[in-house]
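Shown next, in structure tokens, is the structure this report addresses.
Sequence lines set the chain letters: A, B, ... in the order given, protein chains first and strands last, and positions in each chain run from 1. Values below: every heavy atom of this structure, side chains too, minus hydrogens, waters and symmetry copies.
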Amino acid sequence: MAATLQAIRGMNDVLPDEAAGWLAFEEIVRDCMHRYGYRNIRTPLLEQTGLFRRAIGEVTDIVEKEMYTFTDELNGEQLTLRPEATASTVRAAIEHSLTYNGPVRLWYAGPMYRHERPQKGRYRQFHQFGAEALGFAGPDLDAELIVMCAALWKTLGLGDVRLELNSIGSQEERARHRVELIRFLETKVEALDGDAKRRMHSNPLRVLDSKNPVVQEATKDAPVLMDFLGEASLAHFDGVKKLLGAAGIGFSVNPRLVRGLDYYNLTVFEWITDKLGAQGTVCAGGRYDGLFEQIGGKPTPAVGFAAGIERLIALWQDAGRVPAPHAPQAYLIHQGEGALEYALLAAEALRAAGHAVVQHGGGGSFKSQMKKADASGAPIALIVGEDEVRAGELTLKYLRRDRPQARIRRDGLVAGFNAALKET
RNA sequence: GUGGCCGUAGCUCAACGGUAGAGUCCCAGAUUGUGAUUCUGGUUGUUGUGGGUUCGAAUCCCAUCGGCCACCCCA
């Protein structure tokens, strides 16, 4: 036998037992998006590498070392598996002039790819859903997205997520703060660790959310970005906070909250849990008013978020809220002369009426068929033997209730079955 | 990319230098047309892979692949 083939590291099979939960989860997300007026968009998993380099930022970790990038050997194009979907969504919006007639609300879901070392809640192929409100400038959409998330957590029954909020202002405001921050960090350089020193010039904001207590202590009097925000930025932030207050959504302002991707401005937010170990961020987003221009579109304000499906499903499981998979309504056992054809047609009649009926396959003794019927979780076993075929009937046995089994007429099958289902 | 722990039956695990085992699951029978309990019997392995040490390796050593967790970073 050839060497065993296995899935690529960090890319997981979602097996049927678990996939049932995924389907239920996705259905809840779809329903939520629909209720808020967001329309689905499906973009390719593969894009030109340049899209992500320009959108996400050349000096981010994602672009520098985490992208699955390769050359298409057939035509020499540089391609990348999407590490996130906002860039693709905006690219599609520009390419198809989606905001020509005014702003649009969009949502997506699907796999993303980042070449990181796998650990709890972090995989090389992982799944996100997200929403993007394109063409809206005011704080109302920032708030709407956050309110929508809160509603979704409520539907899912997740209690252990908290909201952190910040405003990172405009590019100009960040630039002025950056100068002051670097000046401050240079005075503390002996207290900084290697990571902090490295980032001091490349991404000084990142130094502020270091997990190293020594670095935290040394930077506790660092210049705060919030103090550099002008009137317009502060008004926008106040608008968001006021709406969240009105909606009764609790949050804490974290002045050190920054986002990993370059395209954000003004509002940034994260939904965080303490229940998933080191990967506590379950959903994150913010405003990205500059992104359209950055990748060649007309200036268009926009705001969005992305949520990690694996992380949310893990939380959902912890909370014990994942619904049990649907069992079939009946398991159909057959044995003897003419029973197979008879059973097949009976099953088809029930399925046409909307019922989930599993017909036993692969032979086996009557006893083993009964065992399969039990294991299927179905409330009812339907039995077809030579007796039933001759009589034009089926035997109906309740598997989960102590009720006598009964014969039902084949020509009144659907009605008889419906009546029996009510007794389960 | 860095570090720690770990890879034995489909699953959960034992054996820690001397014959690879248990539970569970699965299959069959007890019960020839009636499941989930019980009893009886049965199948299941290149001990992740490749080298090395040894009379002898699941066990010790090295490499490699994979898993888990953390760092970095992120959803």
Side-chain angles (χ1 to χ4, degrees), chain A residues 1 3-12 15 17 56 59-66 82-86 109-130 149 161 193-196 198-199 203 206 209-212 257-261 269-273 276-286 304-315 331 333-336 339 360 362-388 395-402 404-405:
Chain A
M1 201 170 85
T4 317
L5 291 171
Q6 43 189 310
I8 294 166
R9 177 167 215 193
M11 304 203 179
N12 300 308
L15 302 178
D17 280 346
I56 295 170
V59 298
T60 56
D61 276 35
I62 292 179
V63 168
E64 279 181 342
K65 52 191 193 193
E66 294 176 0
R82 65 182 185 192
E84 55 102 43
T86 299
M112 310 295 162
Y113 301 86
R114 295 183 197 173
H115 193 116
E116 302 181 272
R117 184 84 169 254
Q119 75 186 68
K120 188 183 184 72
R122 202 178 69 184
Y123 309 102
R124 289 184 177 179
Q125 176 182 279
F126 62 103
H127 297 76
Q128 292 184 328
F129 67 88
C149 288
V161 279
D193 59 18
D195 279 329
R198 184 167 49 77
R199 269 185 238 133
N203 195 351
R206 278 271 164 214
D209 62 1
S210 168
K211 285 178 192 169
N212 183 335
L257 178 67
V258 289
R259 308 264 52 261
L261 289 61
F269 62 90
E270 265 183 41
W271 290 94
I272 300 169
T273 178
L276 295 180
Q279 264 60 49
T281 301
V282 118
C283 171
F305 72 79
I309 295 180
E310 283 86 352
R311 291 181 187 179
L312 283 167
I313 287 181
L315 261 192
Y331 191 97
I333 287 167
H334 51 88
Q335 197 163 55
H360 182 81
S365 67
F366 188 81
K367 182 190 179 73
S368 72
Q369 292 195 40
M370 276 304 294
K371 283 184 159 185
K372 298 277 191 208
D374 184 47
S376 77
I380 287 172
L382 290 170
I383 300 166
V384 173
E386 290 175 15
D387 288 357
E388 285 85 351
T395 294
L396 184 151
K397 178 179 169 70
Y398 296 92
L399 294 172
R400 320 285 155 199
R401 288 206 51 190
D402 191 19
Q405 65 185 44

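Look at the P atom in both B:U53 and B:A58: the space between them is 16 Å, to the nearest Å. Going from the P atom of B:G48 to that of B:C6 covers 14 Å, rounded to whole Å. One P atom belongs to B:G29, the other to B:A36, and the distance between them is 13 Å to the nearest Å. B:U37 and B:C69 are spaced 34 Å apart, taking the P atom of each and rounding to whole Å. For B:A15 and B:G21, the C1' atoms lie 7 Å apart once the distance is rounded to whole Å. Comparing B:C25 with B:C61, their C1' atoms sit 37 Å apart, to the nearest whole Å. Straight-line distance between the C1' atoms of B:C11 and B:G4: roughly 27 Å, to the nearest whole Å. Between B:U46 and B:A28, the two C1' atoms lie 29 Å apart (nearest whole Å).
The nearest whole Å value for the distance from the CZ atom in A:Arg311 to the P atom in B:C69 is 12 Å. As rounded to whole Å, 14 Å separates atom P of B:U34 from atom CG of A:Leu399. Between the CG atom of A:Leu312 and the C1' atom of B:C74 there is a distance of 14 Å, rounded to whole Å. Remark: P of B:U34 and CZ of A:Arg401 are 23 Å apart, rounded to the nearest angstrom. As rounded to whole Å, 15 Å separates atom P of B:C71 from atom CG of A:Asp61. Rounded to an integer number of Å, the gap from NZ of A:Lys367 to P of B:U32 is 9 Å. One interatomic measurement links the two molecules: CD of A:Glu84 to P of B:A75, which rounds to 8 Å at whole-angstrom precision. For the pair A:Leu396 CG and B:U34 C1', the computed distance is 13 Å after rounding to whole Å.
Checking B:C27, B:C71, B:G33 against every side-chain atom of A:Lys372, the shortest atom distance belongs to B:C27. Comparing B:A36, B:C74, B:G33 by their nearest atom to the side chain of A:Thr281 picks out B:C74. Closest to the side chain of A:Phe366, from the set B:A75, B:G33, B:A28, is B:G33. Taking the side chain of A:Gln279 as heavy atoms from C-beta on, and the options B:A75, B:A30, B:A70, the nearest nucleotide is B:A70. Minimum atom distance to the side chain of A:Arg117 is reached by B:G4, of the listed B:A75, B:U34, B:G4. In the set B:A75, B:G33, B:G35, the nucleotide with an atom closest to the side chain of A:Met370 is B:G35.
Among the atoms of the strands shown, none is found under 4.0 Å from any heavy atom of A:Ala373. When heavy atoms are screened at a 4.0 angstrom cut-off, A:Tyr123 is found touching base atoms of the nucleic acid. Nucleic acid contact class of A:Gln369 (heavy atoms, under 4.0 Å, all strands): none. Counting non-hydrogen atoms under 4.0 angstrom, A:Ser368 reaches the backbone sugars and phosphates but no base. Residue contacts shown for A:Gln405 include a base, since a base heavy atom lies under 4.0 Å away. When heavy atoms are screened at a 4.0 angstrom cut-off, A:Gly285 is found touching no nucleic acid atom at all. Residue A:Gly336 is out of contact with every strand shown, counting any heavy-atom pair closer than 4.0 Å. Among the heavy atoms of the strands, none lies under 4.0 Å from A:Glu64. Contact annotation for A:Ile383: base contact, defined as any heavy-atom pair under 4.0 Å involving a base atom.
Heavy-atom nearest nucleotides on RNA chain B were determined for A:Gly277 and for A:Arg259, and the one closer to the 5' end corresponds to A:Gly277. Along RNA chain B, the nucleotide closest to A:Asn12 and the one closest to A:Gly280 are compared, and the more 5′ of them pairs with A:Asn12.
Side chain of A:Arg114 to main chain of A:Gln125: no donor-acceptor pair is present (N/O by atom type, distance under 3.5 Å, no hydrogens or angles). A donor-acceptor pair is defined here as one N or O able to donate and one able to accept, closer than 3.5 Å; such a pair exists between the side chain of A:His334 and the backbone of A:His360. Side-chain atoms of A:Arg122 come within 3.5 Å of backbone N or O of A:Arg117 as a donor-acceptor pair. Here the side chain of A:Arg311 pairs a donor or acceptor atom with the backbone of A:Gly121 at under 3.5 angstrom. With hydrogens and angles ignored, the 3.5 Å screen pairs no side-chain donor or acceptor of A:Glu386 with any backbone N or O of A:Ala339.
Side-chain contact, A:Glu84 with A:Gln128: no donor N or O sits under 3.5 Å from an acceptor N or O.
Partner of A:Thr273 under the side-chain contact (heavy atoms from CB on, under 4.5 Å) criterion, chosen from A:Val161, A:Leu312, A:Thr281: A:Val161.
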Taking Watson-Crick and G-U wobble contacts under 3.5 angstrom, with | marking pairs to another strand and [ ] crossing pairs, the secondary structure of RNA chain B is written (((((((..((((....[..)))).(((((.......))))).....(((((..]....))))))))))))....
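Side-chain nitrogen and oxygen atoms of A:Gln119 include at least one within less than 4.0 Å of the OP1 or OP2 phosphate oxygen of B:A70. Contact between the side-chain N/O atoms of A:Arg9 and the OP1/OP2 oxygens of B:G67 is found at a separation under 4.0 Å.
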Given the rule in the side chain to side chain contact (heavy atoms under 4.5 Å, CB included) test, do A:Thr60 and A:Glu66 qualify, once you have shown the distances and angles that lead to the verdict? CA-CA 9 Å; A:Thr60 56; A:Glu66 294 176 0; over 6 Å; no
Begin with the C-alpha distance, continue with both residues' side-chain angles, and end with the deciding distance and a verdict on side chain to side chain contact (heavy atoms under 4.5 Å, CB included) for A:Lys65 and A:His115. CA-CA 7 Å; A:Lys65 52 191 193 193; A:His115 193 116; over 6 Å; no
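Under 3.5 Å, the side chain of A:Arg122 and the base of B:C69 form no donor-acceptor pair of N or O atoms. For A:Lys397 against B:U34, a side-chain N or O and a base N or O form a donor-acceptor pair under 3.5 Å.
By the 4.5 Å heavy-atom criterion applied to side chains, A:Arg400 and A:Asp374 are counted as neighbours.
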